[in-house]
Participant: 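There's a structure below that I have some questions on.
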Amino acid sequence: MTVKPAEGATLEDWQATIERQFGADHLEWQTEEGIRVKALYTADDIQGLPHINSLPGFAPFLRGPQASMYAGRPWTIRQYAGFSSAEESNGFYKRTLAAGGQGISVAFDLATQRGYDSDHPRVFADVGKTGVAIDSVEDMKILFDGIPLDKVSVSMTMNGAALPILACLIVAAEEQGVDQGALSGTIQNDVLKEFVVRNTYIYPLRPSMRIVRDIIAYASEHMPKFNPISISGYHFQEAGAPPALELAYTLADGKEYIKTALSAGLTIDQFAPRLSFFWGIGMNFYVEIAKLRAARVLWSQIVDEFSPTTPKSRILRAHSQTSGWSLTEQDPYNNIVRTTLEAMAAVFGGTQSLHTNAFDEAIALPSETSARIARNTQLILQEESGITNVIDPWGGSYMMESLTQAMIDQASQLIAEIDAAGGMTQAVEQGLPKMRIEEFAASRQARIDRNEHVIVGVNKFPPPDEAPLETREIDNAAVLENQIRRLASLRANRDEPATQAALAMLQQAAQNDASNLLVVTIDAIRAKATVGEVCETLERVWGRHRVTSATISGVYASAYRDDPDWNTLVRSVEQFERDQGRRPRMLVGKLGQDGHDRGAKIIATAFADIGFDVDMSPMFSTPRELAKQAVENDVHVVGISSLAGGHKILVPQVMEALREFGADETLVVVGGVIPQADYAFLLSLGVAGIYGPGTRIPQAAISIMDAIQRQTQSHA
């Protein structure tokens, strides 16, 4: 029924009509972080807003960083990809550029991201799995063979090993005949968020921040077209942060990096124009647009605190990527629609470049077909929709301007909380951002499991039947063998005394805070040192960061307080404890170098709320280390969280190690991104349960409790 107020009706008349016909719930709703969003906005809502009459290209840049925006030049289309070997990735990049791609975004494998050479014993299952393996400048030269580095912008998602990877790019460009001053692109180099959510750190936080400082200082002097840092909110959102929290923590990180660069003796105008940001774009369409608009205003205000003399220093320059978390394994073609909506939100928000995720990434690495659809999504928006013809079409919108100001206000409060903690470095050391994000992640998962947060095809309108989706599978045996062979050849043919001398200079520089580490790293890479050797040299001085996993409690259970099925599950756990003299005990483990632990943390906190005793393995455990911890802790079940495609290698080794330790009765279950085609293989090993994306945690808990009880009874 459509309600149409009479001519001349007031806003109060409208509100009364809606409340009478539909109830007060139709008058407003709240975002996850508590921002009120009304069903109807009027001119009264934008009265007195401070930036309502601003123009694009002028401070505080509410309506866009450039005066002409897309009417002058559309956003840059990027595809974030890396496939196993440098040769295969090189071919993909060339095809992407030929088909309309406008920049390269390199995905590195986890071994490279964590600073290990491919022949290191801890990374055999990670080499070439989630990106390209780069062990030396020789690999980097192959990666960009035939791609002119003075003409193509290169973005590299690299943090912990940023020094050797950026040095490899610089030296590879030199061998192409391209001066480093001509290089354009970005290296992520955002280590603060690694300690909060993504976990691909290498060294402790303080020396890691020195690396950030030295890269910004070097690039400011020698690489004027290159962005020395991409301050990333994307990973905050993927870990569970709602938009306002992502906005606040990302800008607080940026503020900390400004202070870090200033400590190197730079002025704000020497580096601020080359700082860039990286946003995640989720399914909350209006809020995501408002987030990007608010970000530019807030960043302009933050930079203004440091007295810049050029407007360019105050511009927030942004890349965006559609959400990976919002993609579903169930009914996966729905993901094409989700990605399109997220891409439109990024564009309406004024992003300057964009990566669109492929629809099959909740199941496996993207196929050629799905990557083409993702890229063409952007091409269609640019070429067919007319979106680029109007600059900030949301400007002046009663709703959007009001919502943007609400985002500014909410994020300002959260930034103030970080400032009160002493800045982001100290806040990270205190664990504040991590705790906030994990609370939101657990709360959202509970709402999904209770059907309060709708995901079409998962908890509402599920498909009756699903045909298996053909997905890309990476068999890393060949690339691992090739990388080991290439490393052996490199070491056999280099000038070994020169290499060791360069590494010794690097070690000395790490002990001397006045030295610029990128300068000596470039020398080491020229001398054919490997990525792993550079990182190991620095590790000898600083050590490798270790973290003890901790979980929150009570957040997930609070959503189920009055749920009868939940209470029945809790009682079954209590009955088990009375019968067996102890609670069911689970070890939740992450294997290999995958640092994405959102799923593992949510499982751990939810099962603890149910009544399980829950242990978590240290990050980056080997199969043998995980099995040993399971035996020492006498657990009933080991739950392995897998997102990086290594389950067919790592899970069998866990089960073999359990048998070796005499604990073959310990149950093993697996969850995460696991293609349906791999289920039969895992079940044939004796895996007791597989729980893919979209599995409701209470259902998984019931299944696991049943398996534990059967196992206990069989050994009674």
Side-chain angles (χ1 to χ4, degrees), residues 19 22-37 39 239-242 244-245 282-284 287 325-326 328 330 435-462 550-580 582-586 588 598-614 616 636-637 639 669 671 689 691-709:
E19 189 165 354
F22 301 110
D25 289 347
H26 280 73
L27 294 177
E28 71 174 41
W29 57 280
Q30 283 195 343
T31 68
E32 288 179 284
E33 52 270 84
I35 294 174
R36 291 174 57 244
V37 181
L245 201 66
M283 284 295 291
N284 199 332
V287 174
W325 178 84
S326 71
T328 64
Q330 297 87 346
M435 179 187 68
R436 290 273 189 271
I437 292 172
E438 289 179 0
E439 286 174 347
F440 275 109
S443 175
R444 181 186 295 170
Q445 187 61 50
R447 292 197 306 277
I448 292 169
D449 289 346
R450 286 179 56 82
N451 297 341
E452 295 167 0
H453 181 120
V454 173
I455 300 178
V456 173
V458 176
N459 60 10
K460 195 171 186 179
F461 310 115
T551 60
I552 58 175
S553 62
V555 174
Y556 188 92
S558 64
Y560 281 89
R561 189 170 293 111
D562 301 320
D563 186 280
D565 293 335
W566 173 270
N567 292 329
T568 298
L569 176 59
V570 170
R571 286 194 295 271
S572 73
V573 172
E574 293 170 346
Q575 184 63 49
F576 181 92
E577 182 179 10
R578 287 192 290 270
D579 294 342
Q580 302 297 324
R582 66 176 184 134
R583 298 178 180 183
R585 193 175 190 99
M586 169 185 275
V588 178
R598 172 181 181 160
K601 287 289 187 70
I602 290 174
I603 290 295
T605 189
F607 272 70
D609 285 353
I610 291 167
F612 277 60
D613 282 331
V614 179
M616 290 198 72
H636 295 97
V637 59
V669 298
Y691 308 99
T695 302
R696 300 168 79 171
I697 291 177
Q699 292 176 337
I702 291 169
S703 169
I704 290 170
M705 268 305 300
D706 288 345
I708 291 173
Q709 288 172 333

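In this chain, numbering begins with 1 at the start of the sequence shown. Please read these numbers as outputs of a predicted model, since none were measured by experiment.
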Participant: Could you pull out the closest heavy-atom pair between A700 and T695, with the gap in Å?
Facilitator: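 For A700 versus T695, the nearest heavy atoms are CB-CG2, 4.0 Å.
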
Participant: So, do W325 and M283 sit near enough that their side-chain heavy atoms are less than 4.5 Å apart?
Facilitator: no

Participant: Side-chain contact, heavy-atom cut-off 4.5 Å: M586 with I704?
Facilitator: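 They are in contact (side-chain heavy atoms under 4.5 Å apart), so the answer is yes.
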
Participant: For R598 and A441, work out which heavy atoms get closest and say how close.
Facilitator: NE-CB, 4.1 Å

Participant: Identify, with sequence neighbours excluded, every residue that meets salt bridge (charged side-chain N to carboxylate O under 4.0 Å, His left out) alongside R436.
Facilitator: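 So R436 forms a salt bridge (charged side-chain N to carboxylate O under 4.0 Å, His left out) with E417.
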
Participant: Could you tell me whether the side chains of E33 and T31 share a donor-acceptor contact shorter than 3.5 Å?
Facilitator: yes

Participant: For D563, which residues count as a salt bridge (charged side-chain N to carboxylate O under 4.0 Å, His left out) partner, sequence neighbours excluded?
Facilitator: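 D563 satisfies salt bridge (charged side-chain N to carboxylate O under 4.0 Å, His left out) with R450 once adjacent residues are dropped.
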
Participant: Can you check whether F440 reaches V555 side chain to side chain, under 4.5 Å on heavy atoms?
Facilitator: no

Participant: For the backbone of L569 and the side chain of S572, can you confirm whether one donor and one acceptor N or O come within less than 3.5 Å of each other?
Facilitator: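 Yes, the answer is positive, given that a donor and an acceptor are paired below the 3.5 Å cut-off.
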
Participant: Please give me the minimum heavy-atom distance between A701 and F607, naming the atom from each residue.
Facilitator: CA-CZ, 3.6 Å

Participant: So, does T568 use its side chain to make a donor-acceptor pair with the main chain of P564 at under 3.5 Å?
Facilitator: yes

Participant: Looking at side-chain heavy atoms only, is the closest gap between V573 and P584 below 4.5 Å?
Facilitator: yes

Participant: Going by atom types only, do R582 and H636 share a side-chain donor-acceptor pair under 3.5 Å?
Facilitator: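 Their side chains do contain a donor-acceptor pair, which is all the 3.5 Å distance test asks for.
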
Participant: Looking only at heavy atoms, which two atoms of I35 and A244 are closest? And how far apart?
Facilitator: CD1-CB, 4.4 Å

Participant: List the steps and the verdict of side chain to side chain contact (heavy atoms under 4.5 Å, CB included) for D449 and Y560.
Facilitator: CA-CA 10 Å; D449 289 346; Y560 281 89; 3.0 Å; yes

Participant: Is there a donor-acceptor pair under 3.5 Å between the side chain of D613 and the backbone N or O of R585?
Facilitator: no

Participant: Which atom names give the shortest non-hydrogen contact between F576 and Q709, and what distance separates them?
Facilitator: CD1-CG, 4.0 Å

Participant: Quick check: do M705 and F612 have side-chain heavy atoms less than 4.5 Å from each other?
Facilitator: yes

Participant: Roughly how far apart are S326 OG and I455 CD1, rounded to 0.5 Å?
Facilitator: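 Answer for the OG-CD1 pair, S326 versus I455, is 8.5 Å.
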
Participant: State the CD-CG distance between Q330 and N459, to the nearest 0.5 angstrom.
Facilitator: 9.5 Å

Participant: Could you report the tightest heavy-atom contact between Y556 and Q445, atom names first, then the distance?
Facilitator: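 Closest pair (atom of Y556, atom of Q445, distance): CE1-C, 4.0 Å.
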
Participant: Can you name the residues that form a side chain to side chain donor-acceptor pair (under 3.5 Å) with R578, not counting sequence neighbours?
Facilitator: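 For R578, the residues satisfying side chain to side chain donor-acceptor pair (under 3.5 Å) (neighbours in sequence not counted) are Q575.
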
Participant: State, yes or no, whether a side-chain contact exists between I603 and Y691 at a heavy-atom distance under 4.5 Å.
Facilitator: no

Participant: Which salt bridge (charged side-chain N to carboxylate O under 4.0 Å, His left out) pairs, counting each pair once, include a residue from residues 564-574, with sequence neighbours left out?
Facilitator: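 Output for this query is empty, none listed.
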
Participant: Looking at residues at least two apart in the chain, or sitting in another chain, which of them share a salt bridge (charged side-chain N to carboxylate O under 4.0 Å, His left out) with E19?
Facilitator: none

Participant: Ignoring hydrogens and angles, tell me if any N or O in the side chain of T605 forms a donor-acceptor pair with the backbone of I602 under 3.5 Å.
Facilitator: no

Participant: Using the rule side chain to side chain contact (heavy atoms under 4.5 Å, CB included), only one of N451, I702, I448 pairs with R696; which is it?
Facilitator: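 Between R696 and the candidates, side chain to side chain contact (heavy atoms under 4.5 Å, CB included) is satisfied uniquely by N451.
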
Participant: Looking at R447, I want to see if its CZ is surrounded by more than 12 non-hydrogen atoms of other residues, nucleotides or ligands under 6.0 Å.
Facilitator: yes

Participant: Any heavy-atom pair between the side chains of M616 and K601 that's under 4.5 Å?
Facilitator: yes

Participant: In chain order, what residues pass the side chain to side chain donor-acceptor pair (under 3.5 Å) check against R444, with sequence neighbours excluded?
Facilitator: E32

Participant: Enter the distance from E439:CD to S558:OG here, rounded to the nearest 0.5 Å.
Facilitator: 10.0 Å

